[in-house]
Amino acid sequence: MSDHSPAQIEQESKEENLPIKTPLLPLIPDQTQNLNEEDQEQKEDDEEEETRLDKSLQRLKLILILLGFDQTTVLRFGISWVTFLVIGVAVPVIVLWLTTNCLNCDLYQIKGFELIIVASHACLAAVSLLCLSHNLRKYGLRKFLFVDQYSGHVERFSKEYIQKISETIRLLILWALPCLILKIAREVIRITYMHNESWWKSLGILVALTWSWAYVNFIYLSACLVFHLVCNLQIIQFDDYGRLLETETDVLVFIEEHARLRHDLSKISHRFRIYLILMFTVVTSSQFAMLFQITEFSNKVTFINSGDFAVSSIAQVVGLILCLNAAAKISHRAQGIAALASRWHALASCGPDDASHMRVSNQAMSVSSESDLEAMNYIPLPTNTQLASHLSSYHRRQAFVMYLQNNPGGITLYGWTVDRSLINTIFFIELSLVLFVLGRTTVFTSETLP
């Protein structure tokens, strides 16, 4: 250690013309402790939110495993498809074959109706299993939902992610249970009229048909709600992007963030486009098949033998509405970013600084006569650097707005954006086809009348 005092060191430094080294002020112990406590609390809160998110994802994953979507191994793949073929296809077909060997069966159960319902639900469940299990096996649940650590937004949006996942699970229960209750009520009424030799056999038929119907419909609705969840999680990102326009001023940051969001939407569209098209095709085909069957057996149709049509149609249309609603919502949220950016560009261009700058420039440029020059006070004109900076900022914002208008983004199906325009087009096509079928069947019926 040195034996010189601080005063001697200062004097020697002055004599030698050396800079005086002032020792750094140490932090106050209380401030250091408060900072450490705040960091520790923030870290604990982040860890707690991450733990809650993991639990929510585990609950969702457990539901998907129970329904057979986890096909990561050969054993699970085999169990999933064997279970589906047994419960979803073999059991209802065998039960229908056993229950149609009776007198006056058409009054309580028409075999053609039941086979169409079994085939349509089995096709929807098979499409759901095939598409969703493939994506989960390829990407994993976290990466598939875009909540993995590599996205960089888990810490910021953990609460919103947990809320959306919980809402999805509640929606599954909210939509599946009423349909299941309607199915059970319809089967109870039918079996009450169509009673077999033994009540135990009737009860077994009721349980078998209800269990099979519930299994395939839970698979179908779960796949639709997973797509609904993926879109809702992306809505969180777009809401945050809208808030970014209020705080950030760097246009390059806006473009990079929007390119990332648009890339994620392209991934979602690529992963779900086959599923959406197949689901729409199966639902439409089953509805037309039901329509043809009803017009063919118009004289025999009652609530008892055709009530399952209504219950099955509700379940199928609910899944289709969930998917179209989620796709249209995220598409319009992505397209609405252009409106936000246009408003931001207008406010930035017409703000107080720019307005005063333009007023001064216009006043200076409007002076033309010598008397005006002598009468007015001197107003300095903006320099070339200031004009270049102002024009450069304006052109960057204008380029950004044009970029958003030409790249709106959204959920697309081979180039067609799923928005209100596409949904209206689908609705009118379906309505035209239904009216055509009804018109042809009405004509055939009138021609056969004496």
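What's counted below: heavy atoms across the whole structure, side chains too, no hydrogens, waters or symmetry copies. For reference, positions follow the sequence shown, starting with 1.
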Checklist entry - With distance as the sole test, does Asn135 use its side chain to make a donor-acceptor pair with the main-chain N or O of Arg271 at under 3.5 Å? => result yes
Next on the checklist: Working to the nearest 0.5 angstrom, can you tell me the gap between Gln237 CD and Asp264 CG?
Outcome noted: 7.0 Å
Checklist entry - For Ser312 and Trp213, which heavy atoms make the closest approach, and how far apart are they? => result OG-NE1, 3.6 Å
Checklist entry - Under 3.5 Å, is there a donor-acceptor pair between the side chain of Ser331 and the main chain of Val418? => result yes
Validation: residues 402-410 side-chain donor-acceptor distances under 3.5 Å, sequence neighbours left out:
| unit_1 | atom_1 | unit_2 | atom_2 | d |
| --- | --- | --- | --- | --- |
| Tyr403 | OH | His258 | ND1 | 3.4 |
| Asn406 | ND2 | Met402 | O | 3.0 |
| Asn407 | ND2 | Tyr403 | O | 2.9 |

Item to check | salt bridge (Lys or Arg N to Asp or Glu O under 4.0 Å) partners for Arg243, two or more places apart | outcome: Asp240
Next on the checklist: Are more than 12 heavy atoms, taken from residues, nucleotides or ligands other than Trp175, located less than 6.0 Å from that residue's CH2 atom?
Outcome noted: no
Item to check | Phe144 ring center near Phe272 ring center (under 6.0 Å) | outcome: yes
Item to check | N-O pairing of Lys164 and Glu160 below 4.0 Å | outcome: no
Checklist entry - What pair of heavy atoms forms the shortest contact from Ile330 to Phe238, and how long is it? => result CD1-CD1, 3.7 Å
Checklist entry - Okay, side chain of His332, backbone of Arg420: is any donor-acceptor separation there less than 3.5 Å? => result yes
Checklist entry - Judged by atom type as modelled, is there a donor-acceptor pair below 3.5 Å linking the side chain of Ser212 to the main-chain atoms of Val91? => result no
Checklist entry - Residues two or more places apart in sequence or in another chain: which of them pass side chain to side chain donor-acceptor pair (under 3.5 Å) with Arg76? => result Asp70
Item to check | Ionic contact status for Asp54 with Arg59, cut-off 4.0 Å | outcome: no
Next on the checklist: For a 4.5 angstrom cut-off between non-hydrogen side-chain atoms, does Ile63 reach Leu67?
Outcome noted: yes
Checklist entry - Roughly how far, to the nearest 0.5 Å, is the SG atom of Cys131 from the CG atom of Leu278? => result 6.0 Å
Checklist outcome for this item: Correct closest heavy-atom pair for Gly88 and Ala122 would be O-CB, 4.3 Å
